[in-house]
Amino acid sequence: MIRLEGISKSFAGKDGPVPALDGIDLSVARGEIFGIIGSSGAGKSTLVRLINLLERPTGGEVFVAGERVTDAKGERLRELRRSIGMVFQHFNLLSARTVAGNVAYPLELTGRYGKAEIAARVAALLARVGLSEHAHKYPRQLSGGQKQRVGIARALACEPQVLLCDEATSALDPQTTGAVLDLLRQINRDLGVTIVLITHEMDVIRRTCDRVAVLDRGRVVEEGPVTEVFLHPRHAATLRLVREAEPDGGWLDAAAAADLGGRTVRLTFTGPAAHKPILGRIARENAVDYGILAGRVGHIREAPYAQFIVSLAGRDVAGAIAGLRASGVDVELQGGDIPASPARIEERPRHVV
Ligand SMILES: Nc1ncnc2c1ncn2[C@@H]1O[C@H](COP(=O)(O)OP(=O)(O)OP(=O)(O)O)[C@@H](O)[C@H]1O
């Protein structure tokens with residue numbers, strides 16, 4: 001649905017060009033929820049604004065729905081912008097217009113619809129975002145979550161194929177964030193709209209996205225399915241973002257792992273393995289004792305996961321590791337002497353710089 005090829009972008013600065021993006025290659029499939037995560041200044045906003053050509057790339061090409069749009073102008077550009085809705089962190093609502101008036105605005109701008117049709121479309125959009133009873137209120141009378149629902153309804157007004165969400169939940173409290181993310185997922189499911197969501201919060205990605213790209217200093221440093229990137233972060237920038245989300249979530253540095261005798265493993269249980277009492281059985285079968293050093297359990301979208309750092313000692317540690325792997329548990333050594341199977345790593349469909 002969206003393809004960025006060799007994108008670079010620099011801005012004019014006092015002392016010459018300031019690079020913001022460098023060599024970005026990204027593809028977003030039709031119908032998926034794709035997350036772009038990075039810390040402040042990584043280039044997320046610039047990247048997302050290149051998709052609807054609010055910014056033009058310095059180099060590279062932008063494709064939307066298979067068509068090259070890098071230098072679209074005039075009616076072609078207006079049409080492209082209508083096919084790509086955008087949701088902003090600070091809502092960007094018109095304060096002098098009511099809720100209904102804000103949602104009607106992009107429809108009025110097209111000049112294509114009569115009053116009755118606009119009213120019918122606005123009513124349907126407000127019903128979709130749960131704001132039918134607030135149609136005649138003004139933005140100042142709404143909570144942050146309600147304002148963002150208006151922003152989403154407005155972004156959907158022209159029936160876009162793509163929804164770009166630029167830190168759409170960053171100004172909201174955690175509970176409201178959850179409700180807005182649920183709404184975005186429902187819209188994705190019901191309407192098949194492709195969603196590109198940029199955020200600095202790993203939790204937003206974990207709850208919402210199918211795939212994620214990690215942006216660091218203008219480059220994509222890691223990309224893949226959210227489960228893979230979240231549970232097995234490889235790049236330092238990704239690890240930092242995951243740790244921010246779960247400060248006590250079960251990370252152990254290599255030195256601490258080695259101190260525990262070289263039998264320290266990170267076990268990741270996903271899918272059916274997350275609910276089975278595998279660890280105790282394998283320990284018994286191999287006459288191995290285990291100590292849980294750290295751990296985290298939760299969900300990635302609807303899928304449960306559990307991840308533990310465990311020290312293993314006893315008769316047949318290698319046998320225990322083989323048994324865990326045979327039971328569908330992902331085992332990674334944390335500075336130990338039993339080699340991890342390289343095949344498992346290569347099987348993972350992802351890209352790390
Ligand atoms: N219009 C501009 N003029 C000059 N420099 C810019 C402009 N827009 C962005 N930049 C620079 O480009 C880099 C990337 O900025 P961008 O806003 O895309 O990052 P970000 O990841 O969205 O950060 P944040 O989360 O803080 O908004 C930064 O160094 C920023 O200062």
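Both counts, for ligands and for their atoms, begin at 1 and track the order of listing.
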request  = May I ask you to establish whether Arg56 and Phe11 are in a cation-pi arrangement, using a distance under 6.0 Å from NZ or CZ to the six-membered ring centre and at most 45° from the ring axis?
outcome  = no

key: atom 15 (O) of ligand 1 [closest protein heavy-atom partner, distance rounded to 0.1 Å]   = Thr46 OG1, 3.8 Å

Min N/O separation Ser40 to ligand 1 under 3.5 Å = yes

ask   = Can you list the atoms of ligand 1 that are under 4.0 Å from a heavy atom of Ala20?
value = 12 (O), 13 (C)

request  = Measure from NZ or CZ of Arg266 to the centre of the six-membered ring of Phe308, then state whether that distance is under 6.0 Å and the direction lies within 45° of the axis.
outcome  = no

N/O separation below 3.5 Å, Gly41 to ligand 1 = yes

query = With a 4.0 Å cut-off on heavy atoms, is Gly43 touching ligand 1?
reply = yes

ask   = For ligand 1, which atoms have a heavy atom of Ser45 less than 4.0 angstrom away?
value = 17 (O), 18 (O), 20 (P), 22 (O), 27 (O)

query = Is the shortest distance from atom 2 (C) of ligand 1 to a protein heavy atom below 4.0 Å?
reply = yes

message = Under 6.0 Å from the ring centre and within 45 degrees of the ring axis: does the NZ or CZ of Arg3 meet both conditions for the six-membered ring of Phe63?
response = yes

query = How long is the gap from OG on Ser327 to CZ on Arg281, to the nearest 0.5 Å?
reply = 4.5 Å

Trace of the salt bridge (Lys or Arg N to Asp or Glu O under 4.0 Å) decision for Glu79 with Arg76 = CA-CA 5 Å; Glu79 194 189 307; Arg76 178 72 197 95; 3.8 Å; yes

message = Could you tell me if Ser170 and Gln89 have a donor-acceptor pair between their side chains, going purely by distance under 3.5 Å?
response = no

key: Any protein heavy atom nearer than 4.0 Å to atom 25 (O) of ligand 1   = yes

inquiry  = Give me the residue, atom name and distance of the protein heavy atom closest to atom 6 (C) of ligand 1.
reply    = Phe11 CD1, 3.2 Å

ask   = Any N/O of Ala42 closer than 3.5 Å to an N/O of ligand 1?
value = yes

key: Numbered atoms and elements of ligand 1 in range of Lys44, under 4.0 angstrom, heavy atoms   = 18 (O), 19 (O), 20 (P), 21 (O), 22 (O), 23 (O), 25 (O)

ask   = Which of these passes salt bridge (Lys or Arg N to Asp or Glu O under 4.0 Å) with Glu108: Lys115, Arg97, Arg154?
value = Arg97

ask   = Between Ser39 and ligand 1, which part of the residue brings a heavy atom under 4.0 Å of the ligand: side chain, backbone, both or neither?
value = backbone

key: Residue among Thr268, Asp330, Thr270 satisfying side-chain hydrogen bond (donor to acceptor under 3.5 Å, both in side chains) with Gln307   = Thr268

